[in-house]
Participant: 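Got a structure for you, written out below as C-alpha cells; questions coming shortly.
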Amino acid sequence: MIYTDPDPVPPGISKEKPLEHYASGGNENPWLSYTKTKYYTNAFIVQNGRLLLGMKKRGFGKGKYNGFGGKVDPGETSLQAAKRELEEEAGITAPLEHAGSLLFMTEGAEWAFQIEIYRAESYEGAVTETDEMKPEWFSLPPPPAPNEPAEAFRQDEDEDSDAAPIPFEKMWDQDYIWLPLLISERKFVARADFTKDGEVFKPYRWWFGVSPGHVGS
C-alpha cells in the first residue's frame with residue numbers, strides 16, 4: 001500500500017520543499033510545544049549487508065542502540081560535527097552524506113532536538129568501543145517490496161549472517177520507519193514527539209515525509 005493519509009506537514013518542518021507523506025501516527029494528539037532548538041547529528045555506516053550501530057553507555061538514551069552523533073558545537077556545520085562525533089564515539093572516519101532530518105521532541109523539555117542524519121558506505125580506521133558507545137554490526141533485512149508499508153521492515157534471524165538482526169526493541173520506537181529510508185538512500189524529513197512515563201519514553205505523535213516520487217519506490 002502507499003500511504004495516502006492527508007496529515008499535514010507538522011510545525012517545525014520547513015514547507016519550502018515539497019514533501020509526500022510516508023507515515024504518521026498519534027494524529028489525535030496535539031504536537032508538543034517548544035521554545036528553543038538544539039542542533040545534533042547522527043551517523044550510520046551501511047556496508048556489505050550490515051549496519052553499524054552503537055549502544056549508548058551513558059547519558060540521554062542510555063541502553064538504546066543508535067547511530068553515532070551528538071551536539072553541533074559553535075562554529076561547526078552539522079557535517080563537521082557528524083564527522084567529529086563519529087571519530088570520537090567509534091574511532092573511525094567516513095565520507096558521510098546527508099540522509100535525512102528529524103525533529104525530536106520530548107514532553108517537559110523547553111527545546112526540540114533538530115537532528116541531521118548522515119550515512120556512509122565506507123570508512124577508515126578500526127571500529128573501537130569508547131566511553132560513550134559500544135559499536136556492533138547488525139545484519140540488514142531485505143528492503144520492503146514496492147508499495148509495502150514501513151512496518152514491513154522487520155527481520156528474522158538470518159542463518160547465513162554472522163551478525164544479529166537490527167535490535168529494534170532496543171531502539172527508539174519510530175526508528176523502524178526511517179531506517180529503511182536511510183538504508184535505501186531515500187532522503188526524508190520527520191518529526192517525532194514522545195511523552196515520558198517514569199523513565200520510559202512513549203511515542204506520542206509522529207510524521208515522516210519523503211521527496212515527491214519516493215513513496216513506495
Participant: In the hydrophobic clustering that connects Ile, Leu, Val, Met, Phe, Trp and Tyr at side-chain heavy-atom distances below 4.5 Å, which members other than M133 occupy its cluster, ordered by chain and number?
Facilitator: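 Same cluster as M133: I45, L52, F68, L79, L86, I92, L96, Y118, Y123, V127, W137.
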Participant: Report yes if the side chains of K38 and K71 come closer than 4.5 Å at any heavy-atom pair, otherwise no.
Facilitator: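 No, every pair of side-chain atoms sits at 4.5 Å or beyond.
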Participant: Got a donor-acceptor contact below 3.5 angstrom from the T35 side chain to the E110 backbone?
Facilitator: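 Pair found, side chain donor or acceptor close to backbone of E110.
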Participant: Does the ring center of W178 lie less than 6.0 Å from the ring center of F44?
Facilitator: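 Between W178 and F44, the centre distance is under 6.0 Å.
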Participant: For a quick check under 3.5 Å, do Y65 and E136 share a side-chain donor-acceptor pair by atom type?
Facilitator: yes
Participant: Do P203 and D193 have side-chain heavy atoms sitting under 4.5 Å apart?
Facilitator: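 Sidechains of D193 and P203: no contact.
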Participant: Got a sec, which pairs hit salt bridge (Lys or Arg N to Asp or Glu O under 4.0 Å) with one end in residues 125-135, sequence neighbours left out?
Facilitator: K56-E132, K57-E129, R58-E132
Participant: For residues S24 and F208, determine if any side-chain heavy atom of one lies less than 4.5 Å from a side-chain heavy atom of the other.
Facilitator: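 They are not in contact (no side-chain heavy atoms under 4.5 Å apart), so the answer is no.
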Participant: State, without any angle test, whether T130 and E89 hold a side-chain donor-acceptor pair at a distance under 3.5 Å.
Facilitator: no
Participant: Considering non-hydrogen atoms only, spot the tightest contact between M55 and G63 and give its length.
Facilitator: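 Smallest heavy-atom distance, with atoms named: SD-CA, 3.8 Å.
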Participant: Measure from the side-chain N and O atoms of N29 to the backbone N and O of R205, and report whether any donor-acceptor pair falls under 3.5 Å.
Facilitator: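 Between the backbone of R205 and the side chain of N29 there is no qualifying donor-acceptor contact (under 3.5 Å).
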Participant: Is any side-chain heavy atom of F113 less than 4.5 Å from a side-chain heavy atom of M105?
Facilitator: no
Participant: Hey, are the side chains of Y39 and D73 touching, using non-hydrogen atoms and a 4.5 Å cut-off?
Facilitator: no
Participant: Take E88 and R84 through the test salt bridge (Lys or Arg N to Asp or Glu O under 4.0 Å) and record every step on the way to the result.
Facilitator: CA-CA 6 Å; E88 290 177 358; R84 172 182 56 77; 3.3 Å; yes
Participant: Do Y34 and W31 share a hydrophobic cluster (ILVMFWY, side-chain heavy atoms under 4.5 Å, transitive)?
Facilitator: no
Participant: Could you walk me through whether E116 and L102 satisfy the side chain to side chain contact (heavy atoms under 4.5 Å, CB included) test, starting with their C-alpha distance in whole Å, then the side-chain angles of each, then the deciding distance to 0.1 Å, before giving a yes or no?
Facilitator: CA-CA 7 Å; E116 300 305 325; L102 172 64; over 6 Å; no
Participant: How many angstroms lie between CG in L51 and CZ in R119, if you round to the nearest 0.5 Å?
Facilitator: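 Going from CG on L51 over to CZ on R119, the span is 9.5 Å.
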Participant: Tell me who clusters with V200, hydrophobic residues only, linked when side chains sit under 4.5 Å apart either directly or through other members.
Facilitator: none
Participant: Tell me, do N66 and W172 make a side-chain contact under 4.5 Å, heavy atoms counted?
Facilitator: yes
